[in-house]
Amino acid sequence: RWEEERYPEGIKWKFLEHKGPVFAPPYEPLPENVKFYYDGKVMKLSTKAEEVATFFAKMLDHEYTTKEIFRKNFFKDWRKEMTSEEKSTITNLSKCDFTHMSQYFKAQTEARKQMSKEEKQKIKDENERLLKEYGYCVMDNHKERIANFKIEPPGLFRGRGNHPKMGMLKRRIMPEDIIINCSKDSKIPSPPPGHKWKEVRHDNKVTWLVSWTENIQGSIKYIMLNPSSRIKGEKDWQKYETARRLKKCVDKIRNQYREDWKSKEMKVRQRAVALYFIDKLALRAGNEKEEGETADTVGCCSLRVEHIKLHPELDGQEYVVEFDFLGKDSIRYYNKVPVEKRVFKNLQLFMENKQPEDDLFDRLNTSILNKHLQDLMEGLTAKVFRTYNASITLQQQLKELTNPDDNIPAKILSYNRANRAVAILCNHQRAPPKTFEKSMMNLQSKIDAKKEQLADARRELKSAKADAKVRRDEKSKKTVESKKKAVQRIEEQLMKLEVQATDREENKQIALGTSKLNYLDPRISVAWCKKWGIPIEKIYNKTQREKFAWAIDMAEEDYEF
DNA sequence: TAATGTGACTCAGAAAGATACAA
DNA sequence: TTTGTATCTTTCTGAGTCACATT
């Protein structure tokens, strides 16, 4: 297995062979009867302009097509694709009527749903063929699954939150944009007929197979392997091992930064307070970002004065810091945290004579912080604290919440609650599902029905008992037994439903997936399952079991993070 | 030098798609 | 048995982190 293989420093593989990427299907022009209207009049668009128009039409129902920035960016990029005639006619987006196009696409979606079984199967088979041919590569001696072998199709860029580039045209990626990475002695993938690759290279110090430069931010996109692959699994394992090394020295580090709160040097104090937040609140490092290029979000080091409020006293607690800022993906972080007096006083100092838009930690950035962390422990960076605190929290919570006498569903509820504690710590949120209220009501009515059923069963049991008392024969005794069993079964079903309701309610706005997949040492979960006799399938689905195969292999019931 | 840029990788929630379940 | 719908799974691709090169 891959756990045993070793490579010299920086070398990621010796042999790499793959088939290259799958390109987005070419644009299919709309049928003649689907019309676009400008200023109330039918207008036939050139193919290029029409394609971009369809991107907008497909999003018509979405809120962001009403946003000014989105519309402005879209219109600007759309005009670039128009012929000069179109350009001179179409001068106002508000006069464009995409509704007919939009209806056509909705009808198409509907038609796809209504397809016969055979037609659906045909599509499925084709997808499978594609996966079989392009979805795998050979890295060293293993056939590995590729994560994203399909090139992103063209469309309109949708950033998260208040992104200044929303609505811009994401251009179509051509073979001429593509860099292929594979080994010299492999069969080099051939570009589509009539095309050439931008470059073919043989760099075994990186893990990607294909790359191209995207036109919105000018950043590089990659095709890489699936999480189940050796190269990803090994790295994942390493990540948790680093976090476990932090566990051994975290007390020392904590004492150190507490000392540094008193330092004469401003830089050191800021570093120490920031690190305290990263450790205590599991904040992200917070790199600087180029203004105007992305949504305005921050992490710890990039916090601004306007993102915190200091309360010498709040709701009976002393020295409370109120955080309110947008973090990664523009997810709001809101928290009121009582801190130590010394931290509080330092924050007051940092905020002195500053404007709301000034940096809170003006003498600090992620590079300075990470250099310092590197000195404290090899391989230590800001994000290791997140991994460490997430995993240790799961372990503690599992110990605290698991009741040995509980049945399996109740134990799983405890697991989910432990998982939830981590998700809350890491601020992993989701939009409440659109059908949440409804599904909650459905569940409640199920519970009510089950309760009635239970009452009936109990009544029947009672009368059966009475009956048996009178008759005193074998048959009626047996009836009592079976009625007892029925009551028990219904009680269990009821309990299961109630547990489910609790779980769902508590989970309304919490996303468990990210922490489960990226922050929790899977060996903790595997060990917990073994210890309590919970089938691993109850915790990890098939994909997750593939990703965590190394942990399932490795961890025994006594594993300690 | 510290600031800035570049590249490669992890982590993120929404949306689409597949499946299970109830009517 | 079929069909509609709720839920679970997978896909998608944007948004971070962090190391290292360049100026």
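Throughout, protein chains are lettered first and strands after them, A, B, ... in sequence-line order, and every chain is numbered starting at 1.
- Heavy atoms of A:A382 sit under 4.0 angstrom from primed sugar atoms or phosphate atoms, though from no base atom.
- Among the atoms of the strands shown, only primed sugar atoms or phosphate atoms (P, OP1, OP2) are found under 4.0 Å from some heavy atom of A:K170.
- No engagement by A:S211 is indicated, since no non-hydrogen atom pair under 4.0 Å with the nucleic acid exists.
- Nearest approach of A:I223 to A:W212, heavy atoms of both residues: CG1-CZ3, 4.1 Å.
- Among the heavy atoms of the strands lying under 4.0 Å from A:G327 are primed sugar atoms or P, OP1, OP2 only; no base atom is included.
- Spacing between atom CG of A:L517 and atom P of B:dT10 amounts to 13 Å, rounded to whole angstrom units.
- A ring-ring contact (aromatic ring centres under 6.0 Å, His included) with A:F98 is found for one member of A:Y104, A:F56, A:F55 and no other, namely A:F56.
- Between the side chains of A:N427 and A:Y334, no donor N or O sits under 3.5 Å from an acceptor N or O.
- Defined by atom type and a distance below 3.5 Å, a donor-acceptor pair is present between the side-chain atoms of A:R271 and A:H372.
- A:R145 comes within 4.0 angstrom of the backbone, heavy atoms only, and of no base.
- Across all strands, A:G299 comes closer than 4.0 Å to no nucleic acid atom at all (heavy-atom distances).
- Counting any heavy atom pair closer than 4.0 Å across all strands shown, A:P227 reaches no nucleic acid atom.
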Produce a footprint string for nucleotides 12-23 of chain B: one letter per nucleotide, 5' end first; B if the base is under 4.0 Å from any protein heavy atom, S if only the sugar-phosphate is, - if neither. SBSS---S----
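- Across all strands shown, A:F157 has heavy atoms under 4.0 Å from sugar-phosphate atoms exclusively, and none from any base.
- Cation-pi check for A:K170 over A:F157 is not met; the charged atom does not lie both under 6.0 angstrom from the ring centroid and within 45 degrees of its normal.
- Mapping A:K289 and A:Q374 onto DNA chain C via the closest heavy atom, the residue that lands nearer the 5' end is A:K289.
- Backbone-only engagement by A:T297 is indicated by non-hydrogen atom pairs under 4.0 Å involving sugar-phosphate atoms exclusively.
- In the set C:dA15, C:dT13, B:dC9, B:dC9 carries the atom at the smallest distance from any side-chain atom of A:W208.
- Checking C:dT17, B:dC9, B:dG7 against the side-chain heavy atoms of A:M224 singles out B:dC9 as nearest.
- Checking A:N226 against A:T366, the closest nucleotide of DNA chain C that is more toward the 5' end is the one next to A:N226.
- If you check every strand for non-hydrogen atoms under 4.0 Å, A:K120 touches nothing.
- For the 3.5 Å distance criterion, the side chains of A:S302 and A:N287 fail to qualify, holding no donor opposite an acceptor.
- The salt bridge (charged side-chain N to carboxylate O under 4.0 Å, His left out) search around A:R172 returns A:E51, not counting sequence neighbours.
- When the C1' atom of B:dA3 is taken as reference, atom CG of A:N370 falls 17 Å away, rounded to whole Å.
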